[in-house]
Amino acid sequence: LDPRLVSARASSVGPQLTLLVIRDVTERERLDQMRTDFVSNTSHELKTPVASVSLLAEAIESAADDAEQVRIFAARISAEASRLGQLTGRILSLSRLQAAESLSQVEPVSIDEVVAASIEAHSVQADSAGVELSRGGERGVWVRGDAQVLIEAVGNLVANAIVYSPRGSRVGVGVKVDADVVEIAVTDQGIGISDADRERIFERFYRADEARSRRTGGTGLGLSIVKHATQRHGGEVRVWSRPGRGSTFTMRLPLASAPESVLDKKSKRK
Ligand code: ADP
């Protein structure tokens, strides 16, 4: 907005509009700033793996005669490439969620299926981390939205719960209906989160323990995706945590009724 336009309009229509217009300008500036920060943070995050890949490629060139060294460097290139793949995938998810006015697909979504798919997607990760994954709570619960977006969000919570937990501990995914809201809770017995970090973990690229998160392949985007995905579905995310004892992340979503086809089947069975 042109500032001259602001004052011209303001003088002709009075103080209320002035306030509105100024608010509008501030909001646009805030969004512009957010976009600029996102681009610069993202570029910064991409730089490290890209630099590693190019260094490793040079190392392969100079170790060409040593087959074992070549194999080691190639394996590291492959690991960096998969990290880049994960990072770009998450950047894409987040920018889609932030850009879209609403979800691209809105249909009845079975929470049973969302929970099953999120657990299934991380069962290998849980096995190799020595963490027992389980599900519990109510069945036959439905919401309206985009199943893939919800599976990715619950999956991110499950993945974090596994990463930040010790071997031999348990991670549970529970479903509870509370009036017209469904609560999907992911509970772990892991390292927990301090009060100060709890305020910030939903910010893009924020990590409570930078070194640990990078070591475990974290991108700092998982929870930001969870927050935006939940908000897009008209819901909210909450977190409870005791450092050293564990955490519970809860996605609360507006409940929907089961689709006709499911209700018909149920009534025929009776
Ligand atoms: P990351 O990819 O680093 O895990 P997230 O956005 O998913 O990024 O999480 C942000 C930060 O929140 C993590 O770096 C970690 O410090 C903290 N965090 C997330 N989930 C948990 C959890 N279940 N237990 C302890 N800390 C967690």
Side-chain angles (χ1 to χ4, degrees), residues 34 37-38 41-42 44-49 79-80 82-98 115 118-119 121-123 125-126 128-135 149-174 183-232 235-252:
M34 264 176 62
D37 288 350
F38 187 42
N41 289 342
T42 304
H44 180 74
E45 295 290 326
L46 289 170
K47 261 187 185 163
T48 318
E80 289 295 341
S82 79
R83 183 169 158 63
L84 266 172
Q86 191 202 23
L87 192 56
T88 45
R90 288 199 162 176
I91 290 167
L92 209 63
S93 294
L94 190 57
S95 68
R96 274 203 202 114
L97 282 169
Q98 287 184 322
V115 170
S118 320
I119 289 183
H122 295 94
S123 60
Q125 183 198 352
S128 64
V131 169
E132 189 189 322
L133 259 181
S134 64
R135 67 179 285 184
V149 170
L150 290 174
I151 291 169
E152 181 177 357
V154 177
N156 286 353
L157 293 179
V158 172
N160 280 349
I162 298 168
V163 164
Y164 299 105
S165 289
R167 295 192 83 80
S169 65
R170 284 199 299 270
V171 166
V173 185
E183 258 185 31
I184 308 169
V186 179
T187 301
D188 65 56
Q189 303 169 319
I191 61 173
I193 302 158
S194 71
D195 288 349
D197 287 327
R198 218 175 318 153
E199 306 270 312
R200 304 204 48 197
I201 49 175
F202 292 96
E203 291 172 20
R204 284 184 312 230
F205 297 116
Y206 185 82
R207 299 149 165 136
D209 179 345
E210 182 97 7
R212 182 189 183 112
S213 163
R214 279 182 196 277
R215 211 172 43 246
T216 51
T219 59
L221 291 176
L223 288 181
S224 195
I225 292 174
V226 173
K227 184 180 90 178
H228 283 93
T230 312
Q231 287 175 348
R232 282 271 173 243
E236 54 173 2
V237 198
R238 293 180 182 172
V239 53
W240 283 268
S241 189
R242 298 234 334 247
R245 300 292 290 274
S247 314
T248 296
F249 285 83
T250 312
M251 277 171 70
R252 291 169 56 85

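Indexing begins at 1, ligand by ligand and atom by atom, following the structure's order.
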- prompt: Which heavy atom of the protein is the closest neighbour of atom 6 (O) of ligand 1, given with residue, atom name and distance?
  reply: Leu223 N, 2.9 Å
- request: Would you mind reporting whether Trp240 and Thr250 have side-chain heavy atoms less than 4.5 Å apart?
  value: yes
query: Taking all atoms of both residues into account, what is the closest heavy-atom pair of Glu152 and Ser93, and its distance?
result: OE2-OG, 2.9 Å
- prompt: Ignoring hydrogens and geometry, is there a side-chain-to-backbone donor-acceptor pair from Arg207 to Thr219 under 3.5 Å?
  reply: yes
message: Considering non-hydrogen atoms of the protein only, which is the closest contact for atom 2 (O) of ligand 1, and what is the distance?
response: Thr219 N, 2.7 Å
- prompt: What atoms in ligand 1 come closer than 4.0 Å to a heavy atom of Tyr206?
  reply: 10 (C), 11 (C)
task: Check ligand 1 against Gly218 and write out every atom of the ligand that is under 4.0 Å from a heavy-atom position of the residue.
output: 1 (P), 2 (O), 3 (O)
task: Examine the proximity of ligand 1 to Ile193 and report which part, side chain or backbone, both or neither, has a heavy atom under 4.0 Å away.
output: side chain
field: Ile201 neighbourhood, listing ligand 1 atoms whose heavy-atom distance to it stays under 4.0 Å
entry: 10 (C), 11 (C), 12 (O), 17 (C)
- prompt: Does Ser247 approach ligand 1 within less than 4.0 angstrom via side chain, backbone, both or neither, non-hydrogen atoms only?
  reply: side chain
message: Need the ligand 1 atom indices (1-based, order shown) with element for anything under 4.0 Å from a heavy-atom of Ala208.
response: 14 (O), 16 (O)
statement: Near Gly222 (heavy-atom distance under 4.0 Å), the atoms of ligand 1 are 5 (P), 6 (O), 7 (O)
message: Using a 4.0 Å cutoff against the non-hydrogen atoms of Arg207, which atoms of ligand 1 qualify?
response: 3 (O), 14 (O)
query: Which atoms of ligand 1 are found less than 4.0 Å from any heavy atom of Gly220?
result: 1 (P), 2 (O), 3 (O), 6 (O), 8 (O)
- request: Count the heavy atoms of every other residue, nucleotide or ligand shown that sit under 6.0 Å from CZ of Arg170, and state whether that count exceeds 12.
  value: no
- prompt: Which residue holds the protein heavy atom closest to atom 3 (O) of ligand 1, what is that atom called, and what is the gap in Å?
  reply: Ser213 OG, 2.5 Å
statement: When distances are taken from atom 7 (O) of ligand 1, the protein heavy atom at minimum range is Asn160 ND2, 2.8 Å
Residue pair Val163 / Gln125, side-chain heavy-atom distance below 4.5 Å: yes
field: Nearest neighbour in protein (non-hydrogen) for atom 24 (N) of ligand 1
entry: Tyr164 CB, 3.5 Å
message: Going by side-chain hydrogen bond (donor to acceptor under 3.5 Å, both in side chains), name the residues that satisfy it together with Thr248, two or more places apart in sequence or in a different chain.
response: Thr187
message: Please check: side-chain N/O of Arg232 versus main-chain N/O of Lys227, any donor-acceptor pairing under 3.5 Å?
response: no
query: Looking at side-chain heavy atoms only, is the closest gap between Tyr164 and Asp188 below 4.5 Å?
result: no
message: Tell me the contacting part of Leu221 for ligand 1: side chain, backbone, both, or neither, using a 4.0 Å heavy-atom threshold, strictly below.
response: backbone
query: Can any side-chain N or O of Arg204 pair as donor or acceptor with the backbone N or O of Leu223 at less than 3.5 Å?
result: no
